[in-house]
Amino acid sequence: MLRKKLQDYLETHHNIGITWGTTLLDIVNHLHGVERPDLNFVQLVGMPINASIRKNPLVQRLAEKFDANFVSLPLPLYAKNKDFVQKSQAEPFYQLAKEYYQNLDLVISGIGTPEALEDDRFLNKRYKSALFDNFYQQIDGFIFGRPYDFHGQIFQETVDHICGINEQDLRQVPIRLVVEKTALNLKPLPVL
């Protein structure tokens, strides 16, 4: 049912933002492409360092599947230096993404787990203590790169360290689809 609904969205909307992750990769691999040269896929957040195992960003895979266009975001997911995030937003590639961020019809994200942070040796070794140490034990998941607790509250301490779409642009998107692998989710998700 989810795949059909997503397929319908992809066949009727024009500007679609997407994150990345194994859940979304599984979904992308099972979608049926139709020719949509008027469709644009936009990467919402930077990539984790270990993303090279996936060959191409999901926005590129989707674009190829639908004969559509894509805008990637060649940045890391997190930056320890907030100035790096701000300065990268002045670059033309980010400005292009930002134009799309302000005109998205739909965004799609998976839910990251704290275990995924542990499994990513680079992020775990170089970013965990710098960005998450004060509240790591309270993190219940990640959505659009943002860590949240069991009650669905975003840890605001990391927001300025995320390379990608800001909360204001995210909130204006009419349809925000979040996909979780497990069938039962008893925890509240952040309201974005």
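Hydrogens, waters and symmetry mates play no part in the numbers below; they use all other heavy atoms, side chains included. All values reported here derive from a predicted model rather than from experimental measurement. We number each residue from 1, following the sequence as shown.
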*asked:* How close do His14 and Asp105 get, counting heavy atoms only, and between which atoms?
replied: N-OD2, 2.8 Å

*Is it true that a side-chain atom of Glu11 and a backbone atom of Val34 form a donor plus acceptor pair closer than 3.5 Å?*
no

*Answer with yes or no whether the side chains of Gln43 and Tyr100 bring together a donor and an acceptor at under 3.5 Å.*
no

*Nearest 0.5 Å please: distance from the CD1 atom of Ile111 over to the CG atom of Leu24.*
10.0 Å

*Without swapping roles, check the side chain of Lys128 against the backbone of Glu118 for a donor-acceptor pair under 3.5 Å.*
no

*Can you find a heavy atom in the side chain of Leu39 that is under 4.5 Å from one in the side chain of Asn69?*
no

*Taking the side chain from His161 and the backbone from Tyr78, do they hold a donor-acceptor pair closer than 3.5 Å?*
no

*Start with the C-alpha gap between Leu106 and Leu104, add the side-chain angles, then the distance that decides, and say whether side-chain contact (heavy atoms from CB on, under 4.5 Å) holds.*
CA-CA 6 Å; Leu106 164 71; Leu104 292 169; over 6 Å; no

*Say whether, by atom type as modelled, one donor and one acceptor occur between the side chain of Thr158 and the main chain of Phe155 under 3.5 angstrom.*
yes

*Keeping the roles fixed (side chain from Asp169, backbone from Ile165), state whether a donor-acceptor pair exists under 3.5 Å.*
no

_By salt bridge (charged side-chain N to carboxylate O under 4.0 Å, His left out) - contacts of Glu91 (at least two apart)_ = none

*Ring centre gap for Phe135 and Tyr148 strictly below 6.0 Å*: no

_So Trp20 and Pro57, do their side chains get closer than 4.5 Å, heavy atoms only?_
no

*Contacts of type side-chain hydrogen bond (donor to acceptor under 3.5 Å, both in side chains), residue Asn15, not counting sequence neighbours*: Asn40

*Ignoring hydrogens and angles, tell me if any N or O in the side chain of Gln7 forms a donor-acceptor pair with the backbone of Leu31 under 3.5 Å.*
no

*For the residue pair Tyr127 and Phe122, does the interplanar ring angle fall in the parallel (under 30°), tilted (30 to 60°) or perpendicular (over 60°) class?*
tilted

*Would you check if Val107 and Phe144 make a side-chain contact, meaning some heavy-atom pair closer than 4.5 Å?*
yes

_Side-chain donor-acceptor pair present, Gln60, Glu64, cut-off under 3.5 Å_ = yes

*Can you name the closest pair of heavy atoms from Ser72 and Pro74 and give their distance?*
O-CD, 3.6 Å

*Where at least one partner belongs to residues 18-45, residue pairs that pass salt bridge (charged side-chain N to carboxylate O under 4.0 Å, His left out), sequence neighbours excluded*: Asp26-Lys181, Arg36-Asp38

*With side-chain contact (heavy atoms from CB on, under 4.5 Å) as the test, would you mind laying out the steps for Ile16 and His13 before giving the verdict?*
CA-CA 7 Å; Ile16 299 173; His13 290 78; 4.2 Å; yes

*Are the side chain of Asn103 and the backbone N or O of Glu99 linked by a donor-acceptor pair below 3.5 Å?*
yes

